[in-house]
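Have a look at the structure below, then the notes.
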Amino acid sequence: MKEPTMSHEKFDAIVVGAGPSGNAAALTMAKAGLKVLQIERGEYPGSKNVQGAILYADALEKLVPDFRDDAPLERHIIEQRMWVLDDNSFVGSHYRSDDYNKPPYNRYTIIRAQFDKWFSSKVREAGALVICETTVEELLMDGERCVGVRCDRIGGEVFADVVVLADGVNSVLARKAGLHGEIQAKNVALAVKEILFMPEEVIQQRFNVKEEEGVVIEMVGSVTEGMVGTGFLYTNKDSLTIGVGCLLSDFKANEKRTSPYALLEKLKKHPSIAPMLEGGEMKEYAAHLIPEGGLRAVPQLYGHGWLIVGDSAGFVNAVHREGSNLAMTSGRLAGETVAAAKAAGKAMTAQTLAAYKAALDASFVMKDLKKYKHLPEVLERSPHFFDTYPALVNRAAKTYFTVDGVDKTTKQREILGSFKAARRVTGLVGDAFKLWRAMR
Ligand SMILES: Cc1cc2nc3c(=O)[nH]c(=O)nc-3n(C[C@H](O)[C@H](O)[C@H](O)COP(=O)(O)OP(=O)(O)OC[C@H]3O[C@@H](n4cnc5c(N)ncnc54)[C@H](O)[C@@H]3O)c2cc1C
């Protein structure tokens, strides 16, 4: 058991977890004058957190409007690359705009350990009590009503009118309390990433950017060996983040028993990627789950005395690689719901807290999850999007761009033939329809 003992005073709200969603909820409620206790199991906020990481300014701006003054930001993003890989090459599209070089910048790379610590300092400044190195072991229930939490400290029971669960993807607490089902392997991706350090000037030269400008590369194709997943490479100030993630169900079913680490090693050795990483010194390696089940995996989001936010609610948009902004937005909306109820003198019943779900439905969080609601099942049943098509696209590019005395009409016929041979016309039409339906 750890010291010191927990306080026996009652709080307006307890927030479990100090990631982006928990910090957003705690900050919103503390700013509204509520008595807030936030509990984080890590040594400090961010010490247990893993993220690529791209920070989306809009969501944070709504919480800390002047965050650019002192937040630990790495580079603002001016170029987005999308690469489709086979083993030796890639076909890519790049979008670079000088509009992204004009403040206020839209996206930044961040290092989560530093960022979460900074975000937590804002929560403390707003008046919340933040306790670290403390794990919430279970929710205290009075029938269907959540009345507080039990922590791993002496006298570790603390009571509050409402508990906000912001404990991340593997929400043990919600499952223990029966608020959440078991996590299904098809609804989570297992991602691994490394941070490789190198001088700032080297990054600037290799990525054709100036000081503080950054590049994002998202990748799909041979690197995941046919499993549903993607790779990514982000430029930080004096480091690069490289990672890869695939559905846990695919890792389990994978006959080759490829490990996430083996995929990352393969990605790092890809001939189009290795030169960008050369000389980088690896100082951080991490693995983490990402909730990618979309709308179908979103649990009940509120009840008597409790709310679920962020990853613990499954709020990730895997298509656009957005998670932290959904986390901050859901945390903010949960905080606003509680603060409004408190101001109106209402009890924190399910009926009162239903306003949180209504606010989420009206926001981009649920609208985007609804938009892509069919995507997870389409991708699960269509592994060829991750192996056959990337190989075909790269072969087509090679055929098209190689000058070898073969006339262009013959080349076009060859390319079309290779697609038909791999998927037949019915397969091609079916895949196009499935993709259109999933993305529309
Ligand atoms: C490899 C990877 C790359 C990613 N890249 C991006 C990206 O580029 N951009 C983006 O927007 N999103 C990205 N995401 C997703 C993003 O990280 C998450 O969506 C976001 O962190 C969710 O925030 P959260 O606060 O809900 O959960 P978390 O950040 O997981 O925070 C949960 C917190 O709760 C604490 N906790 C858990 N259980 C307990 C307990 N019982 N008691 C006390 N504390 C507890 C944890 O220690 C942790 O600090 C990425 C995720 C991964 C894994």
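Ligands are counted one by one from 1 in listed order, and the atoms in each one are counted from 1 as well.
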CD/E144: more than 12 non-hydrogen atoms of other groups inside 6.0 Å:
no

Taking R150 first and then E137, would you say they form a salt bridge - that is, a charged N and a carboxylate O separated by under 4.0 Å?
no

Could you tell me how the ring of Y100 sits relative to the ring of Y95: parallel (under 30°), tilted (30 to 60°) or perpendicular (over 60°)?
perpendicular

Those atoms of ligand 1 less than 4.0 Å from some heavy atom in Y56:
9 (N), 10 (C), 11 (O)

Would you check if the side chain of T109 reaches a backbone N or O of T235 as a donor-acceptor pair within less than 3.5 Å?
yes

Option set E40, Q38, E138, E137, criterion heavy-atom distance to atom 35 (C) of ligand 1, minimum
E40

Does atom CZ (R175) have a neighbourhood of more than 12 heavy atoms from anything else shown, all under 6.0 Å?
yes

Taking only non-hydrogen atoms of A191 and a 4.0 Å limit, the atoms of ligand 1 in range are 1 (C)

Short list, please: which atoms of ligand 1 are under 4.0 Å from a heavy atom of V16?
40 (C), 42 (N), 43 (C)

May I ask you to say whether K237 pairs ionically with E74, meaning some side-chain N is under 4.0 Å from a carboxylate O?
no

So is there a nitrogen or oxygen of S312 less than 3.5 Å from a nitrogen or oxygen in ligand 1?
no

Which segment of Y234 sits under 4.0 Å of ligand 1 when only heavy atoms are counted:
side chain

Hey, what's the ring geometry for H76 with Y108, parallel, tilted or perpendicular (30° and 60° as the breaks)?
perpendicular

If we number the atoms of ligand 1 from 1 as shown, the ones under 4.0 Å from a heavy atom of G310 are 26 (O)

On a heavy-atom basis, which atom in L27 and which in V64 lie closest, and how many Å separate them?
CD2-CG2, 3.8 Å

Has ligand 1 got any nitrogen or oxygen that is less than 3.5 angstrom from a nitrogen or oxygen of V309?
no

Identify whether the distance between the nearest side-chain nitrogen and carboxylate oxygen of D361 and K370 falls below 4.0 Å.
yes

Where does S324 meet ligand 1, judged by heavy-atom distances below 4.0 Å: at the side chain, the backbone, both, or neither?
both

I290, portion touching ligand 1 at heavy-atom distance under 4.0 Å:
side chain

Ion pair present between K434 and D431, side-chain N to carboxylate O less than 4.0 angstrom?
yes

Looking only at distance, does V136 have an N or O less than 3.5 Å from an N or O of ligand 1?
yes

With under 30° as parallel and over 60° as perpendicular, where do the rings of W83 and H94 fit, or are they tilted in between?
parallel

Any heavy atom of S21 under 4.0 Å from ligand 1? The part involved is both

Given the options L129, V36, V162, F11 meets side-chain contact (heavy atoms from CB on, under 4.5 Å) only with L129

Any heavy atom of K193 under 4.0 Å from ligand 1? The part involved is neither

Output yes when the distance from some N or O of ligand 1 to some N or O of D311 is under 3.5 Å, and no in every other case.
yes

Is the closest heavy atom of P20 to ligand 1 under 4.0 Å?
yes

Salt bridge present between E377 and K186 (N-O < 4.0 angstrom):
no

Please determine whether any non-hydrogen atom of T134 lies less than 4.0 Å from an atom of ligand 1.
yes

Below a 4.0 angstrom heavy-atom separation, can you tell me which part of R112, side chain or backbone, both or neither, approaches ligand 1?
side chain

For ligand 1, which atoms sit closer than 4.0 Å to a heavy atom of A53?
8 (O)

Output the list of atoms in ligand 1 that are nearer than 4.0 Å to some heavy atom of A166, sorted by atom number.
32 (C), 33 (C), 34 (O)

Hey, which atoms in ligand 1 end up nearer than 4.0 Å to a heavy atom of G168?
27 (O), 30 (O), 32 (C)

Between S171 and ligand 1, which part of the residue brings a heavy atom under 4.0 Å of the ligand: side chain, backbone, both or neither?
neither

Heavy-atom contacts with I39 under 4.0 Å: which atoms of ligand 1 show up? List them by number with element.
43 (C), 44 (N)

